[in-house]
Student: 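For reference, the structure I am asking about is given below.
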Amino acid sequence: EADIYQTPRYLVIGTGKKITLECSQTMGHDKMYWYQQDPGMELHLIHYSYGVNSTEKGDLSSESTVSRIRTEHFPLTLESARPSHTSQYLCASSVTIDGPNYGYTFGSGTRLTVV
Amino acid sequence: GNSVTQMEGPVTLSEEAFLTINCTYTATGYPSLFWYVQYPGEGLQLLLKATKADDKGSNKGFEATYRKETTSFHLEKGSVQVSDSAVYFCALSDRGYQKVTFGTGTKLQVIP
């Protein structure tokens, strides 16, 4: 079962609306990530956080913003949605350990459609 | 920088066929290697991993061996099922910042 939760699973919204995609994890992971997945399946990192009050932009430029006020919560906000924002958004988390990385845990995703 | 190259899909196989999805990587040092699977409408799930050279990761009948000499981590399964239809992502992570680099994904369709 998933220990990282994304809501809503599906969202259809009109152009110009402000939206927040929620992501929460119960594993105590310090690192969290947001990916945008295009219809061709490729994953693009848009934001990441290495801890509370730490946020960075990812490899793909995005008009969205994020915040990390609590370890378990990493919401993504679009101030003014546009049709070009239509996509699947995936949240992930990982834990910092010495030695090999054991990978990410992903949420189920939010499929956003802007009309 | 790090990169992952995996074979393009879609790959279409009949049930019980043998599966290979090729994956090669470029990275400095000794990265950890992963295969993730994404079923329709879902997020990614970790399928298997290997953290050092010659390690074999395995899960649900899938296997992949960390080959440092050929910088490869090919995914194999001896007999695929319709339920294996999904998108498979090869990925790596270095030991420093531990950020994961993903391949572009390979869609597998298994037909009865």
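A, B, ... follow the sequence lines: proteins, then strands. Residue 1 opens every chain. On a predicted model such as this, the values are computed, not experimentally measured, just so you know.
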Student: Determine which residues belonging to residues 67-89 of chain B lie within contact range of chain A, meaning some heavy atom pair is under 4.5 Å apart, and list them by number or answer 'none'.
Tutor: B:Val87, B:Phe89

Student: Which atoms of A:Arg111 are under 4.5 Å from chain B, going by heavy atoms: the side chain, the backbone, both sets, or neither?
Tutor: neither

Student: So how far is it from B:Asn2 CG to B:Thr28 OG1, rounded to the nearest 0.5 Å?
Tutor: 5.5 Å

Student: Between A:Tyr104 and A:Tyr33, is the ring centre distance below 6.0 Å?
Tutor: yes

Student: Quick one: are the ring centres of B:Tyr36 and B:Phe102 less than 6.0 Å apart?
Tutor: yes

Student: Give me the one residue out of A:His85, A:Lys57, A:His47 that meets side chain to side chain donor-acceptor pair (under 3.5 Å) with A:Ser64.
Tutor: A:His47

Student: Checking B:Gln45 against chain A: side chain, backbone, both or neither under 4.5 Å from a heavy atom?
Tutor: neither

Student: Ignoring hydrogens and angles, tell me if any N or O in the side chain of A:Ser87 forms a donor-acceptor pair with the backbone of A:Gln37 under 3.5 Å.
Tutor: yes

Student: Report the C-alpha separation of A:Leu112 and A:Ile19 in whole Å, then their side-chain angles, then the decisive distance to 0.1 Å, and conclude whether the side-chain contact (heavy atoms from CB on, under 4.5 Å) test is met.
Tutor: CA-CA 10 Å; A:Leu112 172 67; A:Ile19 57 170; 3.5 Å; yes

Student: Between A:Arg9, A:Met41, A:Glu42, which shows the greatest number of heavy-atom pairs under 4.5 Å with chain B?
Tutor: A:Met41

Student: Report the distance from atom OH of A:Tyr10 to atom OG1 of A:Thr113, rounding to the nearest 0.5 Å.
Tutor: 10.5 Å

Student: Is a donor on one side and an acceptor on the other found under 3.5 Å between the side chain of B:Thr65 and the backbone of B:Asp54?
Tutor: no

Student: Kindly say whether A:Val66 contributes a backbone atom to a donor-acceptor pair with the side chain of A:Thr55 at under 3.5 angstrom?
Tutor: no

Student: By the definition side chain to side chain donor-acceptor pair (under 3.5 Å), identify the one residue from A:Arg68, A:Gln25, A:Glu22 that meets it with A:His73.
Tutor: A:Glu22

Student: Quick check on A:Gln6 against chain B: is it the side chain, the backbone, both or neither that has a heavy atom closer than 4.5 Å?
Tutor: neither

Student: Tell me the residues of residues 4-23 of chain B whose non-hydrogen atoms fall below 4.5 Å from those of chain A, in number order.
Tutor: none

Student: Sort B:Leu44 into side chain, backbone, both or neither according to what part of it lies under 4.5 angstrom from a heavy atom of chain A.
Tutor: both

Student: Applying side-chain contact (heavy atoms from CB on, under 4.5 Å), run through A:Trp34 and A:Phe74 and close with a yes or a no.
Tutor: CA-CA 9 Å; A:Trp34 275 105; A:Phe74 191 42; 3.3 Å; yes

Student: Compute both the distance and the angle, then confirm whether A:Lys31 meets the cation-pi test with A:Tyr50: under 6.0 Å from the six-membered ring centre, within 45 degrees of the axis.
Tutor: yes

Student: Counting only heavy atoms closer than 4.5 Å, note whether B:Tyr30 contacts chain A via side chain, backbone, both or neither.
Tutor: neither

